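For reference, the structure discussed in these notes is given below.
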Amino acid sequence: MRVSKLLLATLKESPSDAEVISHKLMLRAGMVRKLASGLYTWLPLGLRVLRKVENIIREELNRVGSQEVLMPATQPSELWKESGRWEQYGPELLRMKDRHGREFCFGPTHEEVITDMVRNELRSYKQLPASFYQIQTKFRDEIRPRFGIMRSREFLMKDAYSFHIDEVSLNETYEEMHSTYCKIFDRIGLDYRPVQADTGSIGGNASHEFHVLADSGEDDIAFSSNSDYAANIEFAEAVAPAIERPAAKKEMELIDTPNAKTINDLVEQFKLNIEDTVKTLIVHANEETENTLVALLVRGDHELNEIKAEKLTGVASPLCFATDEEIRDAIGAGPGSLGPVKLSIPCVVDRSVAIMSDFSAGANIDGKHYFGINWERDLTLPEVADIRNVVEGDPSPDGKGTLSIKRGIEVGHIFQLGKKYSEALKATVLDDKGKATVMTMGCYGIGVSRVVASAIEQNHDDKGIIWPESIAPFQVVITPMNMHKSDTLKPIAEKLYNDLKDSDIDVLFDDRKERAGIMFADMELIGIPHRIVLGDRSLEKGLVEYKGRRDADNTEIALDDIVQFIKDKLS
RNA sequence: CGGGAUAUAGCGCAGCCUGGUAGCGCAUCUGGUUUGGGACCAGAGGGUCCGGUGUUCGAAUCACCGUAUCCCGACCA
């Protein structure tokens, strides 16, 4: 490709609405342009990268026998009503009507459509296991699209679905997909981790997310210091402390705390250790119980884990915090003065709260707290459960080492779905006894466009993007100096360009009549991994200059050797 | 959905407070001089000042109502 024929839309300054580095650089490098909130046009340079990521994914999935299909982005509401998700999915599902008033949605995912296809096409257990994938545009009407392509409303996703006669077969394919995902992200050149994840509302047995480690990530990942254990903080178990509850040393006292509305106020005003305080959160109870509200207690310095909380049998799912009025009606005191002592509603305490002694909490009387509370002596210990987020330094759930926490960008997610969709849509095959059997399913996603942004988050410097070899829009750029003025240089540049093209190398030829500084700055901004500079000075000696995008200095290479040199670099 | 901010040329911004001919830098086009790290000189083109309503002799500027975008939060007491 000649730069003179390429829409090279680089910018010196980044648009003011870009926040994270990948967003800024994608705009500055002329990879994407925003059309509206969460909607982006991929310009030629960006699309080349996107296509390279797609192709790596395609190759690896084809290798394990997954078959590519392409389903419509527009899906009829009937299928979604059949699965129950038309009502469940909420406002993230973009719904629309056609001219006849028939309802459709723009697909945020394709479990319904693939299951419909498979129930119509697969008849026998002999056709299983089978897996299908597509690389296609999804639409999710995000509450808050942000970080450019990272969380956009329309985005490119690879979604795969597998179908099985039983769980054993599902497990095999799941493991195969797990290692295929590792190969894909290895080939792309990302620093990533597979992490255990919550199976969420869909249910199912196992789930792993693939996270690219980056500070701009929106998820917290817990890692063990001494093992491979890694889990999304939503899922990571906060193990029960091994120690016994210390004996009570203090009497319980009712203290006036008129100006302490938060745990931090209390700690500051009364010089308490935050580890000796308890906060009380009031949520709606499960409607099937006789209660309306439930209190959840975590240590003052801990955070409630909503995913864990909503799994408690007595708690409403999804989790819903009580309003101030509801709290006041039920307890007689407002937020800021709540606690377990003489509490009129059921209570669940975190494991770490259960081993506290001499602790402080609200008195359920406005402006008052109890200090020196002790379980069993002052009140009975209620239900104990793991309801908090793990924190840095917690013991690893696998018993090896302690946890540290890093930010991650979720680029892939694999899931053992089970029979949720196949049952709802009655997707059956005949088993070896001729009996109709509901298929077991797995699903596997990769955010293709998000992979591109993540790669930039991990690979950039103050000059711009530094593409991993495998997904660079071009592998090599030729930058001739003053080509338009030199009769000897031009034919050499043209020949080198053709030789590299003939070697199946993605080569970009900067044939613009621009000054050296502009060429260098542009090519560094768009992140081409290898650069060859042609200049009269060194050509007189039969030399060209080579510089890798991460190199500090030029290397001189004989003109006759440069094609082989580049081939060696790329292999 | 709640809070905050912003909206002026393709991009980055000034002008608004104190109403009176819409500006600067980058980018673009023309000519010239330059040419190994984002050149210089001269000239040119490009505007629904987000939209609407109001106040006023006169509104980018003041008031009100919308819209869009970005950030933070979304119940963690």
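Predicted model, so just to flag it, every value in this text is computed and none were measured.
- Inspection of the Glu457(A) and Ser22(A) side chains reveals an N or O donor paired with an N or O acceptor under 3.5 Å.
- Residue-level contact check: Ile143(A) touches the bases, meaning some heavy atom is under 4.0 Å from a base atom.
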Tabulate atom names and distances for all N/O pairs under 3.5 angstrom spanning the protein and nucleotides 7-9 of chain B.
none

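- Of the candidate nucleotides rC70(B), rG37(B), rG12(B), rG37(B) has the atom nearest to the side chain of Ala516(A).
- Taking the C1' atoms as reference points, rC76(B) lies 35 Å from rA7(B), given to the whole Å.
- Counting non-hydrogen atoms under 4.0 angstrom, Ile263(A) reaches the backbone sugars and phosphates but no base.
- Of the candidates Arg144(A), Arg407(A), Arg146(A), Glu218(A) forms a salt bridge (charged side-chain N to carboxylate O under 4.0 Å, His left out) with just one, namely Arg146(A).
- Using a 4.0 Å heavy-atom cutoff across all strands shown, Val533(A) reaches at least one base atom of the nucleic acid.
- To the nearest 0.5 angstrom, Ile478(A) atom CD1 is 6.0 Å from Phe509(A) atom CZ.
- Residue contacts shown for His484(A) include a base, since a base heavy atom lies under 4.0 Å away.
- Leu338(A) comes within 4.0 angstrom of nothing in the nucleic acid, heavy atoms only.
- Within 4.0 Å (heavy atoms only), Arg33(A) reaches no atom of the nucleic acid at all.
- Here Ser337(A) lies out of heavy-atom contact (under 4.0 Å) with every strand.
- Minimum heavy-atom separation, Ala240(A) to Arg351(A): N-NH1, 3.6 Å.
- A distance of 6.0 Å or more separates the ring centres of Phe474(A) and Trp467(A).
- Going from the C1' atom of rG38(B) to that of rA27(B) covers 12 Å, rounded to whole Å.
- A donor N or O paired with an acceptor N or O is not found under 3.5 Å between the base of rG73(B) and the side-chain atoms of Arg146(A).
- Residue-level contact check: Arg151(A) touches neither bases nor backbone, having no heavy atom under 4.0 Å from any strand.
- Comparing Asp522(A) and Pro145(A) along RNA chain B, the residue whose closest nucleotide (by nearest heavy atom) sits nearer the 5' end is Asp522(A).
- Leu11(A) comes within 4.0 angstrom of no nucleic acid atom, judged by non-hydrogen atoms across all strands.
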Pairwise N/O distances under 3.5 Å, protein to nucleotides 46-52 of chain B:
none

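- The aromatic ring centres of Phe270(A) and Phe371(A) sit less than 6.0 Å apart.
- If you check every strand for non-hydrogen atoms under 4.0 Å, Lys485(A) touches a base.
- A donor and an acceptor atom never sit less than 3.5 Å apart when one is taken from the side chain of Asn482(A) and the other from the base of rG36(B).
- At a cut-off of 3.5 Å, with distance as the only test, no side-chain donor of Asp220(A) or Asn232(A) sits close to an acceptor on the other residue.
- Across every strand in view, rC40(B) sits in a pair with rG32(B) that passes the Watson-Crick or G-U test at under 3.5 angstrom.
- Under the Watson-Crick and G-U wobble criteria, each requiring two contacts below 3.5 Å, nucleotide rU69(B) is paired to rA5(B).
- Between Asp510(A) and Pro480(A) the shortest heavy-atom distance is O-CD, 3.2 Å.
- Annotation for Ser449(A) and Leu50(A): closest pair CA-CD1, 3.7 Å, computed over non-hydrogen atoms.
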Give every pair of a protein N or O atom and an N or O atom of nucleotides 23-31 of chain B that lie under 3.5 Å apart, one pair per line with the distance.
unit_1	atom_1	unit_2	atom_2	d
rG25(B)	N2	Glu13(A)	OE1	3.1

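- Of the N and O atoms on the side chains of Glu154(A) and Thr137(A), not one donor lies less than 3.5 Å from an acceptor on the other residue.
- Using modelled atom types and a 3.5 Å distance limit, the side chains of Arg515(A) and Asn482(A) yield no donor-acceptor pair.
- Within 4.0 Å of Arg537(A), counting heavy atoms only, lies at least one base atom of the nucleic acid.
- Under 3.5 Å, the side chains of His413(A) and Ser207(A) contain a donor-acceptor pair of N or O atoms.
- The C1' atoms of rG45(B) and rU61(B) are separated by 27 Å, rounded to the nearest whole Å.
- Heavy-atom nearest nucleotides on RNA chain B were determined for Gly148(A) and for Ile282(A), and the one closer to the 5' end corresponds to Gly148(A).
- Among the nucleotides rC75(B), rC71(B), rU35(B), the one closest to any side-chain atom of Arg515(A) is rU35(B).
- Between rC71(B) and Arg144(A), a contact under 4.0 Å exists linking OP1 or OP2 to a side-chain N or O.
- The backbone N or O of Val391(A) sits less than 3.5 Å from a side-chain atom of Asp394(A), completing a donor-acceptor pair.
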